[in-house]
Amino acid sequence: MKFTKEIPGQVYLWIAVIMFAASNSIVRKLSDIGAQHLVEGRNPISLCNVLFVSNLCALLVLLPGFYRQLSWQKLRQVSRQEWLYLLVIGVFSGALAPAFIFTALSETMVSNVIIIGRVEPPLILALSFWLLGDPINRLELLGTFVSLVGVALTFILQSPQNSYFSMGFMALGKGEILTLLAVLASVIATIVTKTKLNHISLGIYINFRMLVGTILFFALANLLYGSHHFAEAFSPFLWQWMLLYGIFIIAVGQWCLFKGFKAVTISEASLINSFSPVAGIIAAALILGEQLTIAHYIGGIVIIAGLLLTQIGIWQKNSPKKPVSKVVSVKQMEAKIGFKGI
């Protein structure tokens, strides 16, 4: 469409970042709405139902959008080994990471989930340097360290209501531990993507990841909790909300993300994404009314300082005129921003 071609890539990226930053708060809010409209004593918008149904809705939108990349001829070009790696990514990034995040949202503040999530980009940066030999300059390294200090300060200066793990001066609750597990699963998927799937088309990559994650999550939940766990999965009340969430947050958000990555430079993408934690915390305050503590403010300021240092390092390393135009670059830039929410 001519209209969409006239929209700058930065606008697409801003829309995607804001959508994904608000997604965790929206999911928590939807679950609260479901708790006020019980069906036979059960919440129709339980976190498990949200993950399962919203992914189905998103697939209904994404599959037609990538139909040219999903032809039988294209699928046959994928080797057995690449299908295996796609399966690994589907398990870790499509099923485990969102499942851990969903459970974490029921255990702790959304702001804590967002702050813990800032551990992911530094981990990816460090592992990419260590395992893949990706270049890293001093400012990126310093910014990474400062951001991690900010995350640690946030939890050193506050005590979770239900401490689950204690390490020196820092105590973490169950929600924070689950978020760390989600980060670990996402990091594993990212490293596999960067090392093994450079030549896989974006359509196959994103749709297969989501499809595997949806099927696996459904199977595991049935195994662990019983078939009744998804008893309300096809409730009209649930689907009316999930159609909106799956289409406008997951599908449109992903589309804007990829559209933006194809039109901006690495430095621009990194700068825009650096506002993601701020947007997420603002969304938690506006949508859920979460009250930030002094620990959040102190930790947040340190994290932002680390992000600014990292950004300066990225500006120094990358040419401002070098566009992110290849499919492989789109996937690599997706990896750089960390887990985007649900």
Side-chain angles (χ1 to χ4, degrees), residues 8-29 101 104-105 108-125 139-140 142-158 175-176 179-180 182-183 186 248-249 252-254 256-257 260-261 264-315 333-342:
Q10 293 90 338
V11 174
Y12 286 112
L13 208 52
W14 274 112
I15 293 173
V17 166
I18 292 172
M19 279 184 168
F20 288 127
S23 64
N24 290 335
S25 297
I26 293 173
V27 165
R28 172 72 76 79
K29 186 66 175 180
I101 288 291
L105 288 174
T108 188
M109 294 175 62
V110 170
S111 299
N112 286 346
V113 172
I114 293 170
I115 290 174
I116 285 278
R118 299 316 301 169
V119 173
E120 184 179 349
L123 280 179
I124 292 173
L125 188 67
L139 281 177
E140 281 185 294
L142 179 61
T144 296
F145 176 74
V146 172
S147 293
L148 291 175
V149 169
V151 174
L153 275 175
T154 304
F155 296 98
I156 289 173
L157 298 175
Q158 67 172 320
E176 288 74 26
T179 305
L180 285 174
V183 166
S186 186
F248 289 102
I249 299 296
V252 175
Q254 289 279 5
C256 287
L257 187 74
F261 281 162
V264 303
T265 65
I266 293 175
S267 297
E268 288 172 330
S270 179
L271 175 62
I272 293 173
N273 180 66
S274 66
F275 289 91
S276 177
V278 177
I281 290 174
I282 291 174
L286 294 177
I287 297 173
L288 301 173
E290 284 192 357
Q291 299 294 320
L292 300 182
T293 65
I294 188 65
H296 289 110
Y297 286 113
I298 294 175
I301 291 172
V302 175
I303 290 171
I304 291 173
L307 291 173
L308 290 175
L309 288 172
T310 302
Q311 182 59 42
I312 294 172
I314 292 173
W315 277 334
M333 282 307 304
E334 184 193 16
K336 285 180 180 292
I337 74 171
F339 187 75
K340 300 178 293 299
I342 309 157

Return the minimal non-hydrogen interatomic distance between Ser25 and Leu288, and the atom names on each side. O-CD2, 3.7 Å
Please give me the minimum heavy-atom distance between Ser186 and Glu120, naming the atom from each residue. OG-OE2, 2.7 Å
With a cut-off of 3.5 Å and sequence neighbours excluded, list every side-chain donor-acceptor pair involving residues 143-155.
from	atom 1	to	atom 2	distance (Å)
Thr144	OG1	Glu140	O	2.8
Ser147	OG	Gly143	O	3.0
Thr154	OG1	Gly150	O	2.9

Would you mind listing every ring-ring contact (aromatic ring centres under 6.0 Å, His included) that reaches into residues 268-290, with sequence neighbours excluded? Trp14-Phe275
With a 4.5 Å heavy-atom cut-off, do Thr310 and Leu139 have their side chains touching? no
What's the shortest heavy-atom distance between Val113 and Ala104, and which atoms? CG2-CB, 4.3 Å
Which residue pairs pass the side chain to side chain donor-acceptor pair (under 3.5 Å) test when at least one of the two sits in residues 295-309, sequence neighbours left out? Asn112-His296, Thr293-His296
Are any non-hydrogen side-chain atoms of Ile304 and Pro277 less than 4.5 angstrom apart? no
With sequence neighbours excluded, what pairs up with Ile26 under the side-chain contact (heavy atoms from CB on, under 4.5 Å) test? Ala22, Leu30, Tyr245, Ile249, Ile287
Hey, could you give me the CG/CD1 distance between Asn24 and Ile114, rounded to the nearest 0.5 Å? 6.0 Å
Quick check: closest heavy atoms across Thr179 and Gly175, and the distance to 0.1 Å? OG1-O, 2.8 Å
To the nearest 0.5 Å, what is the distance between OG1 on Thr108 and CD on Glu176? 3.5 Å
Please assess Ile116 against Leu180 for the test side-chain contact (heavy atoms from CB on, under 4.5 Å), listing each intermediate value before the final yes or no. CA-CA 7 Å; Ile116 285 278; Leu180 285 174; 3.8 Å; yes
Could you list all the side chain to side chain donor-acceptor pair (under 3.5 Å) pairs where at least one residue sits in residues 277-291, not counting sequence neighbours? Ser111-Glu290
Over all heavy atoms of both residues, which pair between Cys256 and Ile15 is shortest? Give the atoms and the distance, please. SG-CG2, 4.0 Å
Would you give the length of the straight line joining atom CE of Met109 to atom CD1 of Ile115, rounded to the nearest 0.5 angstrom? 8.0 Å
